[in-house]
Amino acid sequence: MIIMGEDAQRVKDRDAQEYNISAARAVAEAVRSTLGPKGMDKMLVDSMGDVTITNDGVTILKEMDIDNPTAEMIVEVAETQESEAGDGTTTAVAIAGELLKNAEDLLEQDIHPTAIIKGFHLASQKAREEVDDIAEAVDPDDEELVKKVAETSMTGKSSELNKELLAELIVDAVKQVTVEADDGTYVVDLENVSIETQTGRSASESELLNGAVIDKDPVHDDMPTEFDEASVLLLNDPIEVEEADVDTQVNIESPDQLQKFLDQEEKQLKEKVEKIAATDADVVFCQKGIDDLAQHYLAKEGILAVRRTKKSDIKFLKNVAGGNVVSDLDSVTEDDLGVASIRRDEEGELFYVEGLGDKTHGVTMLLRGSTDHVVDELERGVEDALDVVATTVSDGRVLAGGGAIEVELASRLRNYADSVSGREQLAVEAFADALELVPRVLAENAGLDSIDTLVDLRAAHEEGDVRAGLNVFTGNVEDTFEAGIVEPAHAKEQAISSAQEAANLVLKIDDIIAAGDLSTSGGDDEGGAPAGGMGGMGGMGGAM
């Protein structure tokens, strides 16, 4: 009996499992070479020809043209890791891929997927408990240790050359937006940290500014650009002639009538400027447009005006200067104004806006780089480090890096496996093996022998050295915590949890039913798998 359309495809049982595991592993292997300080970069060219050069796992996976439903599930692991922990995306995806590779070996031994899923779940739970046991408490006031966390996050990215300066800026920025809650915990509000970039100068000239940086010019040359204490109006309403909501036609019979229309428009604009002047505003940041004639009137009133200010900048300026964002010019009052000092950097064509009130807050990291590609990658590295430092301050736990935690967890999981009954024991051991992928790949990417490195690491941990990890710069196994290679515990817990959940999700699928081909783009390319076959990676095919 035929119950499916002729274009439908179905992949069942072992074929479905092989198809899914192959797709997931292809994604993991695509980013593995970027892991660690010695990881390589990827050049990504999108359909418009725009080039991105990065080794940031989540950026690579977002930019890749992935056209496979299982592969997209693995990309979600990276996105979840990025939003929850800020860093560790490559680790999470690589572990997920290795878990599935090890699961495939177990499937070939006729171990049921349900037993593997249960074993992985038990191992993940135990691993997270052990992370908490191994983790060391960090005081948010211990700036040196927190700086090491930031430097570890940036190592291997383009920001590495200036990581000491940038780490200092990042720690200062997080410090300024951290508040202590009533229960003694720390809350970091990164909404109050803005990042602006500027090309043409060295990254070593990056700086942290108290307030906002607006990359705009004044709308009129005769406007003042410096204020020690300015009343600031944030406007989300155009200072332009109001247009009719419907199409209208006007018949003009004489030049006098035309002049009346022009006079009326001029009067409208003058009234708008007078309303602004009546509030005693010194500066107007307008999200919409400002008419040429209105610019002239504003300059005559001695008011600095900036048009087409980004929505995100307006929102940030509200934090910095205080006041309200006004959406209707007719209802503006003096109470809507904020207060800030304004200065102009003519060379950089920037406005620096610094809040003066007690309730104002907000800092801006001004990152500089020689080219757009450099500054974009610098921004990605700093954003990750900001998230990592914020996580560390709010969570208060850190670990030794360089694969130290993974080797220790693997050792403890193997001991734990002895207490697990049934075939789940094999899955727990497979989970332990998967965790050791991290030090192996770190060694491979650094041009070291991965097997020798893993043997040395295991030996050190058997002797009780919990912090023994790989220092890829020296090639030695040493106490990485003392060497300044420090990672946040929360990011590691999240990576283990995300990888296990993604692997279990893939293993639980035993039947793929597709209305058309197995791509997710809905296009006509033949990237899907034929029934009973493995199939390609769709849009990823050429890049794998």
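Between Ser204 and Ser202, the side chains place a donor N or O and an acceptor N or O closer than 3.5 Å (distance only, hydrogens not considered). Using modelled atom types, one finds a donor on one side chain and an acceptor on the other under 3.5 Å when comparing Ser498 with Gln494.
Side-chain atoms of Glu98 do not come within 3.5 Å of backbone N or O of Leu437 as any donor-acceptor pair. In terms of modelled atom types and a separation under 3.5 Å, the side chain of Thr80 and the main chain of Glu76 share a donor-acceptor contact. Checked by atom type and distance alone, the side chain of Asp479 never pairs as donor or acceptor with a backbone atom of Ala468 at under 3.5 Å. Side chain of Thr480 to backbone of Gly401: a donor-acceptor contact under 3.5 angstrom is found. The closest donor-acceptor contact from the side chain of Gln425 to the backbone of Val420 lies under 3.5 Å. With hydrogens and angles ignored, the 3.5 Å screen pairs a side-chain donor or acceptor of Thr152 with a backbone N or O of Gly484.
Considering OG of Ser22 and CD of Glu104, their distance stands at 6.0 Å, rounded to 0.5 Å. Rounding to the nearest 0.5 Å gives a distance of 6.0 Å between CD1 of Ile74 and CG of Leu100. Taken from CG in Leu367 to CG in Asp376, the straight-line distance is 10.5 Å, to the nearest 0.5 Å. Rounding to the nearest 0.5 Å places CG of Asp465 at 9.0 Å from CD of Glu408. Once rounded to the nearest 0.5 Å, the distance linking CG of Leu386 with CG of Leu166 reads 10.0 Å. To the nearest 0.5 Å, atom CG of residue Asp50 and atom OG1 of residue Thr52 are 7.0 Å apart.
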Pair up each side-chain donor or acceptor in residues 113-125 with any protein partner under 3.5 Å, not counting sequence neighbours, and list the distances.
{"unit_1": "Thr114", "atom_1": "OG1", "unit_2": "His112", "atom_2": "ND1", "d": "3.0"}
{"unit_1": "Ser124", "atom_1": "OG", "unit_2": "Arg128", "atom_2": "NH1", "d": "2.6"}
{"unit_1": "Ser124", "atom_1": "OG", "unit_2": "Gln500", "atom_2": "OE1", "d": "3.2"}

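Applying the ring pair (Phe, Tyr, Trp, His ring centres under 6.0 Å) test to pairs two or more places apart or on separate chains, none has a residue in residues 61-108. Applying the ring pair (Phe, Tyr, Trp, His ring centres under 6.0 Å) definition to pairs two or more places apart or across chains, none involves residues 42-100. Contacts classified as side-chain hydrogen bond (donor to acceptor under 3.5 Å, both in side chains) and involving residues 414-424 (residues at least two apart or in different chains) are given here: Arg414-Asp433, Arg414-Glu436. Legend: salt bridge (charged side-chain N to carboxylate O under 4.0 Å, His left out) pairs involving residues 487-496, not counting sequence neighbours, sorted by first then second residue: Arg397-Glu493, Glu406-Lys492, Glu487-Lys492. Applying the ring pair (Phe, Tyr, Trp, His ring centres under 6.0 Å) definition to pairs two or more places apart or across chains, none involves residues 487-507. Legend: ring pair (Phe, Tyr, Trp, His ring centres under 6.0 Å) pairs involving residues 51-74, not counting sequence neighbours: none detected.
At a threshold of 4.0 Å, the pair Arg368-Glu207 counts as salt-bridged, since one of the basic side-chain nitrogens sits closer than that to a carboxylate oxygen. Salt-bridge annotation for Asp141 and Lys175: absent, with no side-chain N of the basic residue lying under 4.0 Å from a carboxylate O of the acidic one. Salt-bridge annotation for Glu151 and Lys148: absent, with no side-chain N of the basic residue lying under 4.0 Å from a carboxylate O of the acidic one. The existence of a salt bridge linking Glu136 and Arg467 is confirmed by a sub-4.0 Å separation between a basic side-chain nitrogen and an acidic carboxylate oxygen.
Remark: Val171 engages Glu143, Val146, Lys147 in a side-chain contact (heavy atoms from CB on, under 4.5 Å) (not counting sequence neighbours). In terms of the salt bridge (Lys or Arg N to Asp or Glu O under 4.0 Å) criterion, Glu462 has no residue partners (sequence neighbours excluded). Applying the salt bridge (Lys or Arg N to Asp or Glu O under 4.0 Å) criterion to Glu429, with sequence neighbours excluded, gives no partner residue. In terms of the salt bridge (Lys or Arg N to Asp or Glu O under 4.0 Å) criterion, residue partners of Lys126 (sequence neighbours excluded) are, by chain and number, Glu130. Qualifying salt bridge (Lys or Arg N to Asp or Glu O under 4.0 Å) partners for Lys62, counting only residues two or more places apart in sequence or in other chains: none.
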Inset, instruction - Quick one: do Asp189 and Asn192 satisfy side-chain hydrogen bond (donor to acceptor under 3.5 Å, both in side chains)? Show the steps, please. - result: CA-CA 6 Å; Asp189 187 3; Asn192 292 323; 3.2 Å; yes
Inset, instruction - Show your working on salt bridge (charged side-chain N to carboxylate O under 4.0 Å, His left out) between Glu129 and Arg412 and close with a plain yes or no. - result: CA-CA 11 Å; Glu129 287 171 14; Arg412 294 190 182 192; over 6 Å; no
Legend entry - Check against side chain to side chain contact (heavy atoms under 4.5 Å, CB included), Thr34 and Lys42: CA-CA 8 Å; Thr34 67; Lys42 304 282 183 191; 3.8 Å; yes
Inset, instruction - Dump the intermediate steps for side-chain hydrogen bond (donor to acceptor under 3.5 Å, both in side chains) on Thr54 and Glu377, then the final yes or no. - result: CA-CA 6 Å; Thr54 183; Glu377 181 66 351; 2.8 Å; yes
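Nearest heavy-atom pair, Ala385 versus Ala150, reported as atom, atom and distance to 0.1 Å: CB-O, 4.1 Å. Across all non-hydrogen atoms, the minimal contact from Ala203 to Asn162 is CB-ND2, 3.3 Å.
In this structure, Glu191 places its CD atom where only 12 or fewer heavy-atom neighbours from other residues, nucleotides or ligands lie under 6.0 Å away.
Looking at heavy atoms from C-beta onward, Glu79 lies in side-chain contact with Val58 at the 4.5 angstrom threshold. Using a 4.5 Å heavy-atom threshold, the side chains of Val382 and Ile195 count as touching. Proximity of Phe431 to Leu409: side-chain heavy atoms (C-beta onward) are nowhere separated by under 4.5 Å.
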